[in-house]
Amino acid sequence: MFLIGERETIKVTRIDSDLPRTPVRESVYRALPHLEHITIHYDQIDLTTKNWKDEVFELPDWRAPVFPDEQKNSTTVKDVLDFFFIGNSINFAFRDFETGDKFVAEYNGVEWSGAFGMWACLKRAYDRGKPVLSGKYLMNLTEDDVRELFQSANGRQIPLLEERHRILRSVGEQLVNHYDGRFHNLLTEAHPVLFDVENGIINKITQNFPSFDDTHSLSIRDSVFPVHFYKRAQLALGMAYGRYNGSEISILENPCEFTVFPDYNLPNVLRHMDVISYDDRLSQLIHDGAVLQGGSREDIELRIATVVSADQLVTKLNQHRTRSISCLEMDFKLFSIRDDVQAPVHKTRTTDY
Ligand SMILES: Nc1nc2c(c(CN[C@H]3C=C[C@H](O)[C@@H]3O)cn2[C@@H]2O[C@H](COP(=O)(O)O)[C@@H](O)[C@H]2O)c(=O)[nH]1
């Protein structure tokens with residue numbers, strides 16, 4: 001037991017649950033005892049899970065106008081899987097770094113904001129017959145093409161446009177070089193698990209598509225350790241799993257391999273719930289709207305604390321429920337309350353989330 005201010009906090013320093021050990025969990029839990037700027041309040045996790053024991057937890061199926069639908073027109077399941085993958089290659093940074101405002105785009109007369117705004121742009125192009133799922137098309141995109149693709153509803157350019165251009169081209173090239181130009185061919189080749197030495201789906205994605213390799217270095221004493229989050233790769237597969245769960249299409253064997261997807265919203269929600277708290281310096285930086293460097297100590301700690309506290313929420317919650325949930329349902333719960341939190345999200349200049 002540690003006393004932090006008035007508060008009793010038990011430090012968890014290992015994977016204290018039945019959730020499968022994965023490279024993400026192994027690396028994150030190794031770093032956990034060394035957090036310098038963030039405290040996880042396990043007593044609050046206990047309290048929250050007691051309060052949430054009868055709460056509804058949903059697995060989202062990601063059906064919305066901004067996503068293609070295999071039940072309509074000539075769209076196939078393969079198209080949907082490709083669409084989720086391509087969108088997640090650029091699923092990062094939708095808030096203006098100066099103002100914090102969300103990116104906004106129009107699709108069929110409706111304005112969509114934040115990440116949904118990006119999907120709206122992709123769907124707009126898809127509907128107009130632009131071959132946005134084809135590696136050959138993506139590898140030849142010019143920066144002007146990308147600017148046009150992400151035309152906003154208010155004249156404000158999408159953040160990190162050049163990075164999106166670079167990533168789309170690189171994804172296109174790798175698709176052409178390794179997967180006959182389409183992502184679903186990777187799924188056919190891989191084992192239907194996230195991680196399996198070299199043959200899990202995320203192993204293959206991160207080996208062949210460098211921008212998905214969301215791995216960072218954390219100094220612990222005199223050594224440097226890798227910490228993996230793989231947020232965009234996990235989200236792409238989480239969306240696919242949610243869409244086809246319960247149908248005859250099988251995407252993955254074990255959804256418990258997923259962690260939550262550590263983005264800029266979840267730590268803010270967890271902090272609002274008093275599950276995590278920051279030291280004075282980090283609190284001040286976020287309050288002042290400072291832009292953190294992707295891969296900085298603060299940035300990595302925010303994401304470690306997010307993954308671990310969500311794992312603990314899932315583990316404790318399942319002790320109170322007959323039907324257990326995975327991190328996918330927990331992620332959706334936390335993500336869905338992001339806009340109810342008034343405090344500003346932390347800003348990080350990164351293409352990881
Ligand atoms: N933990 C977690 N993070 C998620 C998602 C989704 C949802 N998936 C797609 C499905 C529909 C949407 O159109 C999404 O794109 C996006 N994000 C992340 O949030 C950030 C954007 O936030 P805001 O600025 O408020 O829109 C950005 O880092 C984005 O990557 C999720 O499910 N869980």
Side-chain angles (χ1 to χ4, degrees), residues 65-68 73-76 78-99 101-186 205-214 231-233 235-236 239 291 294 348-353:
V66 294
F67 304 117
N73 308 326
S74 55
T75 294
T76 63
K78 289 175 178 173
D79 294 334
V80 175
L81 296 173
D82 291 349
F83 193 88
F84 285 166
F85 174 73
I86 302 298
N88 274 297
S89 74
I90 47 166
N91 201 349
F92 53 79
F94 301 106
R95 313 280 180 106
D96 186 286
F97 284 106
E98 288 288 314
T99 63
D101 293 343
K102 289 195 190 197
F103 171 69
V104 188
E106 190 186 316
Y107 172 68
N108 278 353
V110 176
E111 284 192 357
W112 297 82
S113 68
F116 279 86
M118 174 277 291
W119 290 109
C121 293
L122 212 54
K123 181 69 174 356
R124 207 164 55 187
Y126 175 83
D127 287 357
R128 289 177 189 157
K130 294 252 164 88
V132 289
L133 310 180
S134 143
K136 193 161 167 224
Y137 175 76
L138 295 173
M139 70 185 275
N140 290 308
L141 284 172
T142 65
E143 195 172 307
D144 279 343
D145 295 333
V146 178
R147 195 168 288 115
E148 192 189 320
L149 178 65
F150 293 112
Q151 191 176 44
S152 70
N154 56 10
R156 305 284 297 266
Q157 183 168 291
I158 194 164
L160 306 186
L161 182 97
E162 294 80 15
E163 286 80 354
R164 290 179 210 277
H165 176 223
R166 181 176 50 75
I167 288 174
L168 287 172
R169 282 178 63 107
S170 157
V171 163
E173 200 173 307
Q174 295 298 89
L175 284 174
V176 167
N177 290 343
H178 301 285
Y179 297 105
D180 203 17
R182 295 282 299 253
F183 169 71
H184 59 258
N185 293 322
L186 180 151
I205 292 179
T206 54
Q207 278 154 22
N208 290 307
F209 302 92
S211 88
F212 279 91
D213 187 4
D214 180 5
K231 179 246 167 190
R232 290 194 278 105
L235 186 48
M239 291 177 74
V291 179
T348 298
R349 192 172 296 280
T350 178
T351 58
D352 289 323
Y353 62 90

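With sequence neighbours left out, R182 forms a side chain to side chain donor-acceptor pair (under 3.5 Å) with D79, D82. Not counting sequence neighbours, N108 has no partner by the side chain to side chain contact (heavy atoms under 4.5 Å, CB included) test. Listed by chain and number, the residues in a salt bridge (charged side-chain N to carboxylate O under 4.0 Å, His left out) with D352 amount to none (sequence neighbours excluded). Residues passing the salt bridge (charged side-chain N to carboxylate O under 4.0 Å, His left out) test with K136, sequence neighbours excluded: none. Judged as a ring-ring contact (aromatic ring centres under 6.0 Å, His included), and not counting sequence neighbours, the contacts of F85 are F183, F209, F212. Judged as a side chain to side chain contact (heavy atoms under 4.5 Å, CB included), and not counting sequence neighbours, the contacts of Q157 are R147, L161. Residues meeting the side chain to side chain contact (heavy atoms under 4.5 Å, CB included) test with V110, sequence neighbours left out: W112. A search for salt bridge (charged side-chain N to carboxylate O under 4.0 Å, His left out) contacts involving R156 returns D96, not counting sequence neighbours. For the side chain to side chain contact (heavy atoms under 4.5 Å, CB included) test, residues two or more places apart in sequence or in another chain that qualify with N177 are E173, Q174. Residues that satisfy the side chain to side chain donor-acceptor pair (under 3.5 Å) test with R232, not counting sequence neighbours, are S211.
Side-chain contact of S152 with N154: a donor-acceptor pair under 3.5 Å is present, judged by distance alone.
In terms of modelled atom types and a separation under 3.5 Å, the side chain of T348 and the main chain of T350 share no donor-acceptor contact. Under a 3.5 Å cut-off, the side chain of R124 and the backbone N or O of E106 do form a donor-acceptor pair. Remark: the backbone N or O of P65 is paired with a side-chain donor or acceptor of K123 at under 3.5 angstrom. Side-chain N or O atoms of R349 include none that pairs as donor or acceptor with a backbone N or O of L160 at under 3.5 Å.
Annotation: the span from L175 atom CG to H184 atom NE2 amounts to 10.0 Å, rounded to 0.5 Å. To the nearest 0.5 Å, atoms CG (D145) and OG1 (T142) are separated by 3.0 Å. For the atom pair CD1 of I90 and CE of M118, the computed distance is 5.0 Å after rounding to the nearest 0.5 Å. Here the CD1-CG distance, from I167 to L141, works out to 13.0 Å after rounding to the nearest 0.5 Å. The distance from atom CZ of F150 to atom CG of L122, rounded to the nearest 0.5 Å, is 6.0 Å. Summarising the geometry, atom OG1 belonging to T351 is positioned 8.5 Å from atom CG belonging to D214; distances are rounded to the nearest 0.5 Å.
Pairing each heavy atom of A125 with each of V132, the nearest pair is CB-CG1, 3.9 Å. The two residues F92 and S89 make their nearest non-hydrogen contact at CE2-O, 3.6 Å. What you find for Y107 and A120 is that their closest heavy atoms are CB-CB, 3.8 Å. Contact between R95 and P159 at its shortest, heavy atoms only, is O-CG, 3.7 Å.
At a threshold of 4.5 Å between non-hydrogen side-chain atoms, the residues K130 and E148 count as touching. Residues L168 and I86 are in side-chain contact: their nearest non-hydrogen atoms beyond the backbone lie under 4.5 Å apart.
Taking the six-membered ring wherever Trp is involved, the centroid distance between the rings of F67 and F84 falls below 6.0 Å.
Residue pairs meeting the ring-ring contact (aromatic ring centres under 6.0 Å, His included) criterion with at least one partner in residues 153-176, sequence neighbours excluded, do not occur; the list is empty. The ring-ring contact (aromatic ring centres under 6.0 Å, His included) analysis of residues 123-146, with sequence neighbours excluded, yields the pairs F83-Y126.
The neighbour count for Q151 CD, taken as heavy atoms of other residues, nucleotides or ligands under 6.0 Å away, does not exceed 12. Other residues, nucleotides and ligands contribute over 12 non-hydrogen atoms within 6.0 Å of the NZ atom of K102. Counting non-hydrogen atoms of other residues, nucleotides and ligands closer than 6.0 Å to CD of E98 gives a total of 12 or fewer.
For the side chain to side chain contact (heavy atoms under 4.5 Å, CB included) criterion with I205, the lone passing option out of D213, L186, N88 is L186.
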